[in-house]
2 protein chains.
Amino acid sequence: MTVTLADVAARAQVSPATVSRVLNGNYPVAATTRERVLRAVDELDYVLNGPASALAAATSDLVGILVNDIADPFFGIMAGAVQSEIGGPGGRAGGERLAVVCNTGGSPERELTYLTLLQRQRAAAVVLTGGAVEDPAHAAAMGAKLRRLGESGTRVVLCGRPPAPDTGAIALTFDNRGGGLRLTQHLLALGHRRIGYIAGPEERTTTRHRLEGHRAALSAHGITDDPHLTLHGPYDRRSGYDAALELLRRDPDLTAVVAANDTVALGACAALRDRGLRIPADVSVAGFDDLPFSMDAVPALTTVRLPLQTAGARAGRIAMGREDAPPGGIATVQGELMVRGSTGVPDPGRGGA
Amino acid sequence: MTVTLADVAARAQVSPATVSRVLNGNYPVAATTRERVLRAVDELDYVLNGPASALAAATSDLVGILVNDIADPFFGIMAGAVQSEIGGPGGRAGGERLAVVCNTGGSPERELTYLTLLQRQRAAAVVLTGGAVEDPAHAAAMGAKLRRLGESGTRVVLCGRPPAPDTGAIALTFDNRGGGLRLTQHLLALGHRRIGYIAGPEERTTTRHRLEGHRAALSAHGITDDPHLTLHGPYDRRSGYDAALELLRRDPDLTAVVAANDTVALGACAALRDRGLRIPADVSVAGFDDLPFSMDAVPALTTVRLPLQTAGARAGRIAMGREDAPPGGIATVQGELMVRGSTGVPDPGRGGA
DNA sequence: CTGTTAGCGCGTTCAT
DNA sequence: ATGAACGCGCTAACAG
């Protein structure tokens, strides 16, 4: 039924071993023989059996990419960048590698499950993107899993994620804390004092680091952070919308809102507009990530730009062994403050009466 | 070095076959035996060898998803939806299946390459998303490929893509033509007569169908389409920005711009604003797809909503054989006109002098 | 319900 | 430069 390597060998009048050699191009083969084999491959429409190949060679051409939410451009951009770098020479049978994108939905269990699945497939490499969940038990389980993966020959790279000590995993970490710090400093410099903060989900490193930066900026300014002005929620528009309304209820004199990311910020903007508030005249709004649509928001969103594309591409190259790992296996990637129209000087009329 | 099924069998004092049976859960196994095996698996930290399993069973747990651009939420949403439906019972070893997301970048060659790679992996199913390239040679090659995939047991589903006759592939097609028609009808009903059209890349079915709908609406209104008012370009913001400026140059009295999709529409909006034109007072703008950010544009974008999530999920279920294919193997999915703030009655002052 | 026996299709030693 | 033989780890018949 299905044509195998042996069929090709028979048609080309050579041994199966020779066919395997021309297909993988790892051993010297006479030009005329190669010709003949390739012709037979073509005539028979032969397609290599990946599983058999992987079994015999004890490695596959699969590269795993773990993301929280593939529908979110934040992850889509990174996944695309990783994927664009994993092709090329070095792999089996022509250097084509397949990206296996796994949607964890932010669930720790699914994260572990997918890693097991990838281990099962003998993935050549695994790239984990996005923040980690901070539960100690989960962190331990992940650490053990990553170590095992590394030991069995799968290269592991963390992209936009804190390092996993003692696992051998390479980490490209985003400086979320520094970004959060600079963003709030910017607001403080404009004169804002009553700043609401819409944070991401609890127990996630990204959420905590960005929030830490925010608080560090406040306290450096001698402002005691009011816990009532910090709300947690998922990284989606709805969360931003609801939280903005709630913040306004808690402090009607708010002059600025900082959101966990751009998507949340857009939701917050919608809420403010629906309440008849102008941005930034009445309330300034800032986001994080600088996703493509943020530039087209009206007014354009002040945010912290993360080099998602660049970082993803680099993670992909490191995963393929085509670029050296950073010294110590850890590199910190900086975000860049993008000041745009959504933040401005606070209205002196607000905040007083 | 690596622990195999035989090791587990030895530890659990059973035969390898029994271990395989409890792992796959396809045959009845005594509860106590199962216990013992599972304990051994746990103690040994055993992980099934996917390639070996796939080789022996002649099928894998991989499901391919072809997308044009994973960084584009249009595809991210569909890919996520497909992925959310491919798990569950029925697969090998616990019913977990892995989504292999392949970024074609819209390139016909890469599309074919990825299909070969998926065929090589003996993928359980393949879902192709997005429009197709209209080159006859490529269509023929794709047809042959899809047929072969189907013959070798891989279920093929097209999602948001025109049917591929005689390939056995199931198609969930978006009614791009109807959506384009209704969108332009809406504009005509508002009183617009000079409408610019920023189309997608040439030679793509999506581009052609949406454009056909637009033209059909125009001619039904007795308006002869001015070819100068149609521009082609990629599905990105930049294309929308540049094209809007060019359209304005070609016809300064334009009262409306229809874009190939929402991303392009946002770029067009930016260009219009930069030229000092108000939306919709001076120029109305409409998009297509209704991606999440379109609702938060200012003004909110009038567009045609495509049920990406629903369609993707359905494609996933059909691919897994968990839902019957539509009659004839083809279903047409309608888009819904979403009238929002970006379109309005044209300014009588424009278009005249 | 469980063990035994054969391969699945390919890569890779060894020879030649 | 090429061929022969073996084994990768697992599943799928068959027995029992």
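A, B, ... follow the sequence lines: proteins, then strands. Residue 1 opens every chain. Note that this is a predicted model, so its numbers are computed, not measured.
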What nucleotide among [options] has an atom nearest to a side-chain atom of [X]?
{"X": "A:N49", "options": "D:dA12, C:dC10, C:dG3", "answer": "C:dC10"}
{"X": "B:A56", "options": "C:dG9, D:dT11, C:dG3", "answer": "D:dT11"}
{"X": "A:S20", "options": "C:dT12, C:dT13, C:dT2", "answer": "C:dT12"}
{"X": "A:A57", "options": "C:dG11, C:dT4, D:dT11", "answer": "C:dG11"}
{"X": "B:T33", "options": "C:dG11, D:dG3, C:dT2", "answer": "C:dT2"}
{"X": "B:L55", "options": "D:dG9, D:dA12, C:dC10", "answer": "D:dG9"}

Just the rounded figure in Å: distance from [atom2] of [N] to [atom1] of [X].
{"X": "B:N24", "N": "D:dA12", "atom1": "CG", "atom2": "C1'", "answer": "11 Å"}
{"X": "B:R36", "N": "C:dT2", "atom1": "CZ", "atom2": "C1'", "answer": "11 Å"}
{"X": "A:R120", "N": "D:dG9", "atom1": "CZ", "atom2": "C1'", "answer": "14 Å"}
{"X": "B:Y27", "N": "D:dA15", "atom1": "OH", "atom2": "P", "answer": "15 Å"}
{"X": "B:E35", "N": "C:dT2", "atom1": "CD", "atom2": "P", "answer": "13 Å"}
{"X": "B:R34", "N": "C:dC1", "atom1": "CZ", "atom2": "P", "answer": "10 Å"}
{"X": "B:D61", "N": "D:dT11", "atom1": "CG", "atom2": "P", "answer": "11 Å"}
{"X": "A:Q121", "N": "D:dG9", "atom1": "CD", "atom2": "P", "answer": "15 Å"}

Item to check | Over 12 foreign heavy atoms within 6.0 Å of CD, B:E43 | outcome: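 Above 12, so yes.
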Checklist entry - For A:T18 and D:dG3, is the shortest distance between a side-chain N/O and OP1 or OP2 below 4.0 Å? => result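 Looking at the OP1 and OP2 atoms of D:dG3, one of them is under 4.0 Å from a side-chain N or O of A:T18.
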Checklist entry - Does OP1 or OP2 of C:dC10 have a side-chain N or O of A:S53 closer than 4.0 Å? => result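 No, no such contact exists.
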Checklist entry - Counting any heavy atom closer than 4.0 Å, what does A:A30 reach on the DNA or RNA strands: base, sugar-phosphate only, or nothing? => result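 Sugar-phosphate contact only.
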Next on the checklist: What's A:V19 touching, base or sugar-phosphate or nothing? Going by heavy atoms closer than 4.0 Å.
Outcome noted: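 Here A:V19 touches no strand at all.
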Item to check | Closest-nucleotide 5' rank along DNA chain C - winner of A:R21 and A:L5 | outcome: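 Mapping each residue to its closest nucleotide by heavy atoms, the 5'-most match is A:L5.
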Checklist entry - Checking only heavy atoms, does the side chain of A:R122 share a donor-acceptor pair with the base of D:dG9 at less than 3.5 Å? => result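 For A:R122, whose side chain was compared with the base of D:dG9, there is no donor-acceptor pair (under 3.5 Å).
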Checklist entry - Does the pair A:I70 and B:F75 meet the rule for a side chain to side chain contact (heavy atoms under 4.5 Å, CB included), with working shown? => result CA-CA 9 Å; A:I70 193 60; B:F75 293 101; over 6 Å; no
Checklist entry - With a 4.5 Å heavy-atom cut-off, do B:S15 and B:T18 have their side chains touching? => result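 B:S15 reaches B:T18 side chain to side chain.
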Checklist entry - Can A:D61 and A:L98 be said to form a side chain to side chain contact (heavy atoms under 4.5 Å, CB included), step by step? => result CA-CA 6 Å; A:D61 279 336; A:L98 276 173; 6.0 Å; no
Item to check | Residue pair B:S107 / B:E109: nearest heavy atoms and the distance that separates them | outcome: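 Where B:S107 meets B:E109 most closely, the heavy atoms are OG-OE1, 3.0 Å.
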